[in-house]
Amino acid sequence: MDSFREAERSFNDEYPGYRNTTSLDELRHAQYERLDRLEHRYLDYTGAGLYASTQIEAHTRLLLADVFGNPHSSSPASALATRLIERARGAVHEFFKASADEYIVVFTRNATGALKLVGESYPFDPASRFLLTLDNHNSVNGIREFARASGSALSYCPLLLPEMRIDPERLAAHLSASGETTHKLFAYPAQSNFSGVQHSLDWIEFAHARGWDVLLDAAAYVPANALDLGRVKPDFVCVSFYKMFGYPTGAGCLIARKAVVSKLHRPWFSGGTITVASVKGDRHYLHSGPEAFEDGTPDYLCAPAIEIGLNHLAGIGYEMIHARVAALTGWMLGQLGALRHGNGLGLVRIYGPLALDARGGTIAFNIFDKDGRFIDHRIVEDRANTMKISLRTGCFCNPGGGEVALGISEEELDACFSRTPSGMTLDDFRECIDDKSSGAVRISFGLVSNFEDAYHFLQFATRFVDKRAIEI
């Protein structure tokens with residue numbers, strides 16, 4: 001392998017635009033200095049973003065400056081907390097260009113919480129339809145249980161290999177299918193958290209024109225890509241703020257169009273969601289705004305950190321973040337694809353696009369030995385841990401993507417699940433699929449990734465060259 005300096009010169013020649021992102025190196029040195037001080041190679045930005053020191057300092061100053069109380073009151077402390085929540089809500093509207101006349105912002109614990117709100121409240125019934133792409137996070141897949149319990153028709157649209165993109169003809173056929181339906185919900189990710197594929201946002205209006213409501217999972221997309229809800233108009237959008245800027249971790253939101261949110265009917269009520277509730281009168285009246293979906297006391301001390309984090313990202317700019325992530329991703333795709341054993345067999349099999357067109361900074365792959373056998377992804381992770389490399393392995397809560405990438409068939413899965421109907425562990429599953437991998441390795445670039453991170457990981461990967469799995 002080339003020396004670091006030679007590799008860096010070659011990288012800069014191949015991706016000259018990377019030089020325009022050097023202010024992110026300055027930012028890393030000033031506000032993320034712990035990465036280099038600890039010699040830590042963080043490559044799990046799809047799992048979680050990292051926070052800047054200034055975010056923590058600004059939040060701390062705010063908390064120490066005043067007195068905040070439960071917002072469900074008119075006391076001075078409560079009123080102040082309420083103002084902070086509404087400021088944070090307004091910051092979300094502004095950041096995503098989601099007009100307050102058109103959208104509501106509901107704070108949740110994470111994107112999963114936002115998806116559960118939609119699933120439990122959407123008017124599924126025997127005449128409704130729920131369409132998903134095969135490439136979805138489990139928190140989207142889980143909505144199918146609400147649909148199934150209500151007798152709704154359920155369909156998945158498949159992926160096309162090798163790039164793991166959605167089959168556009170099959171999707172168009174699903175969305176264009178006629179029939180008597182009451183409500184139709186289509187759910188898909190803007191960016192796959194498995195392969196990094198970015199699915200077309202044009203599908204939103206294509207689906208709308210055919211009578212579908214659209215649920216867009218934007219959790220893996222918005223850390224490095226702008227989402228303008230004044231331009232594209234999904235009915236429901238979920239995000240996790242920690243994936244965007246690291247802190248706070250217990251906060252996400254559902255952004256929902258007012259024109260469609262009236263369809264949602266919650267199966268229960270709680271403190272904070274109602275204007276009036278009676279035990280003897282056996283009635284309750286929900287708030288008309290986002291509070292109707294925010295159960296209990298909101299995390300009012302967390303809310304200011306959301307505004308601080310959004311301002312942090314806005315101050316940097318998505319154009320610069322996206323340019324850096326794209327350059328590092330493109331270089332890594334090329335370098336991993338070029339690694340060979342001495343006998344000519346490839347070291348790495350990448351799942352998803354090998355080019356930068358319509359893909360993000362997530363790369364999923366497996367490492368194979370000199371005999372063509374996969375090296376257990378858990379062993380790869382264990383070895384990475386010893387070198388202070390943070391990456392992720394498994395199916396990344398995206399079983400559909402994993403099953404397609406790893407070549408696990410429906411017949412194999414049916415036979416596997418019939419063997420252990422009452423419960424299953426990962427080891428049980430591995431036995432079912434014989435010599436196929438049960439997961440993959442995933443690295444992902446983000447806000448303050450740099451070339452040294454990428455180079456260091458590539459050095460790590462070369463340690464498996466000309467090795468046999470049994471030796472490792």
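Under the ring pair (Phe, Tyr, Trp, His ring centres under 6.0 Å) test applied with Phe95, the options Tyr103, Tyr318, Phe241 reduce to a single match, Tyr318.
Closest non-hydrogen pair, Ala114 versus Cys253, comes out as CB-O, 3.6 Å. When all heavy atoms of Leu264 and Phe236 are compared, the closest pair comes out as CD1-CE2, 3.8 Å. The nearest pair of heavy atoms linking Phe457 to Ile389 is CD1-CG2, 4.2 Å. Nearest heavy-atom pair across Ala224 and Val325 is CB-CG2, 4.2 Å. Nearest heavy atoms, Leu134 versus Asn398: O-OD1, 4.2 Å. Across all non-hydrogen atoms, the minimal contact from Pro189 to Asp135 is CG-O, 3.0 Å.
Side-chain contact between Arg324 and Asn450: present, with at least one pair of heavy atoms (C-beta onward) separated by less than 4.5 Å. Side-chain contact between Asp44 and Leu391 is absent, with no heavy-atom pair separated by less than 4.5 Å. You'll find the side chain of Arg442 stays beyond 4.5 Å of the side chain of Thr393, heavy atoms only. The side-chain heavy atoms of Leu159 and Ile166, taken from C-beta on, include a pair separated by under 4.5 Å. In this structure the side chain of Pro353 reaches within 4.5 angstrom of the side chain of Val197, judged on heavy atoms. Here the side chains of Leu229 and Leu227 are in contact, with some heavy-atom distance below 4.5 Å. When side chains are defined from C-beta on, Tyr45 counts as touching Val448, because their heavy atoms get closer than 4.5 Å. For the pair Pro248 and Ile306, the minimum side-chain heavy-atom distance is below 4.5 Å.
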(request) For side-chain hydrogen bond (donor to acceptor under 3.5 Å, both in side chains), just list the numbers for Asn366 and His377, CA-CA rounded to whole Å, side-chain angles, deciding distance to a tenth of an Å, and then say yes or no. (result) CA-CA 7 Å; Asn366 268 318; His377 57 86; over 6 Å; no
(request) Decide yes or no on side-chain contact (heavy atoms from CB on, under 4.5 Å) for Val106 and Ile255, but give the supporting numbers first. (result) CA-CA 6 Å; Val106 178; Ile255 307 173; over 6 Å; no
(request) For side-chain hydrogen bond (donor to acceptor under 3.5 Å, both in side chains), just list the numbers for Arg210 and Ser176, CA-CA rounded to whole Å, side-chain angles, deciding distance to a tenth of an Å, and then say yes or no. (result) CA-CA 6 Å; Arg210 287 151 183 82; Ser176 301; 3.2 Å; yes
(message) Run Ser139 and Thr112 through side-chain hydrogen bond (donor to acceptor under 3.5 Å, both in side chains) and show every step you take.
(response) CA-CA 5 Å; Ser139 297; Thr112 294; 2.6 Å; yes
(request) Could you walk me through whether Glu205 and Lys233 pass salt bridge (charged side-chain N to carboxylate O under 4.0 Å, His left out), step by step? (result) CA-CA 8 Å; Glu205 287 312 309; Lys233 298 182 181 294; over 6 Å; no
(message) Walk me through whether Arg41 and Asp453 qualify under salt bridge (charged side-chain N to carboxylate O under 4.0 Å, His left out).
(response) CA-CA 5 Å; Arg41 303 299 165 189; Asp453 292 332; 3.0 Å; yes
(request) Assess whether side-chain contact (heavy atoms from CB on, under 4.5 Å) is satisfied between His312 and Gln31, documenting all intermediate values. (result) CA-CA 11 Å; His312 178 65; Gln31 299 186 32; 3.6 Å; yes
(message) Run Lys263 and His183 through side-chain contact (heavy atoms from CB on, under 4.5 Å) and show every step you take.
(response) CA-CA 9 Å; Lys263 290 186 178 183; His183 301 286; 3.7 Å; yes
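A distance-only check finds a donor-acceptor pair linking the side chain of Tyr188 to the backbone of Ser200 [under 3.5 Å]. In this structure a side-chain-to-backbone donor-acceptor pair under 3.5 Å is present from Asn311 to Glu307. With hydrogens and angles ignored, the 3.5 Å screen pairs no side-chain donor or acceptor of Ser195 with any backbone N or O of Gly352. The backbone N or O of Ile104 sits nowhere less than 3.5 Å from a side-chain atom of Lys258 that would complete a donor-acceptor pair. A donor-acceptor pair is defined here as one N or O able to donate and one able to accept, closer than 3.5 Å; such a pair exists between the side chain of Thr108 and the backbone of Asn110. Not one N or O on the side chain of Ser78 forms a donor-acceptor pair closer than 3.5 Å with the backbone of Ser74. Counting only distance, with no hydrogens or angles, the side chain of His40 and the backbone of Tyr42 share no donor-acceptor pair below 3.5 Å. Side chain of Arg165 to backbone of Pro168: no donor-acceptor contact under 3.5 angstrom is found. Judged by distance alone, with hydrogens and angles left aside, the side-chain atoms of Asn193 form a donor-acceptor pair with the main-chain N or O of Phe396 at under 3.5 Å. The backbone N or O of Arg378 lies less than 3.5 Å from no partner atom in the side chain of Asp382, so there is not a single donor-acceptor pair.
Open room surrounds CZ on Arg109; 12 or fewer heavy atoms of other groups in view lie less than 6.0 Å from it. Applying the 6.0 Å contact sphere to CD of Glu86 captures more than 12 heavy atoms from other residues, nucleotides or ligands. Counted within 6.0 Å of CD on Glu163, heavy atoms from surrounding residues, nucleotides or ligands total more than 12; the atom is thus considered enclosed.
At least one test fails for Arg349 against the ring of Phe365: distance under 6.0 Å to the centre or angle within 45° of the axis. Cation-pi geometry between Arg148 and Phe146 is not met: the NZ or CZ atom fails to fall both under 6.0 Å from the ring centre and inside 45° of the normal. The cationic atom of Arg34 (NZ for Lys, CZ for Arg) lies less than 6.0 Å from the six-membered ring centre of Tyr51 and within 45° of the ring axis.
Ring geometry, Phe186 versus Trp212: the interplanar angle exceeds 60°, so the pair is classed perpendicular (tilted spans 30 to 60°). A tilted orientation is assigned to the rings of Tyr351 and Phe194, their planes being inclined by 30° to 60°.
The CG atom of Leu50 sits 13.0 Å away from atom OH of Tyr242, with the distance rounded to the nearest 0.5 Å. Here the straight-line distance linking atom CZ of Arg359 with atom OG1 of Thr362 works out to 7.5 Å at 0.5 Å rounding. Summarising the geometry, atom CG belonging to Asp66 is positioned 8.5 Å from atom CG belonging to Leu84; distances are rounded to the nearest 0.5 Å. To the nearest 0.5 angstrom, Arg392 atom CZ is 8.0 Å from Cys397 atom SG. Here the straight-line distance linking atom CG of Leu115 with atom CD1 of Ile143 works out to 5.0 Å at 0.5 Å rounding.
Side chains of His322 and Asn225: a donor on one and an acceptor on the other come within 3.5 Å.
Outside the 6.0 Å centre-distance limit, the rings of Phe245 and Tyr247 are not counted as a close aromatic pair.
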Determine all donor-acceptor pairs shorter than 3.5 Å in which one atom belongs to a side chain in residues 119-128; sequence neighbours excluded.
from   : atom 1 : to     : atom 2 : distance (Å)
Glu120 : OE1    : Lys116 : NZ     : 3.1
Glu120 : OE2    : Arg266 : NH2    : 2.9
Ser121 : OG     : Leu117 : O      : 2.9
Tyr122 : OH     : Lys184 : N      : 3.4
Tyr122 : OH     : Lys184 : O      : 3.2
Tyr122 : OH     : Asp213 : OD2    : 2.6
Asp125 : OD1    : Ala127 : N      : 2.8
Asp125 : OD1    : Ser128 : N      : 3.0
Asp125 : OD1    : Thr182 : OG1    : 2.9
Asp125 : OD2    : Thr182 : OG1    : 3.1
Ser128 : OG     : Asp125 : N      : 2.9
Ser128 : OG     : Asp125 : O      : 2.7
Ser128 : OG     : Ser152 : OG     : 2.9

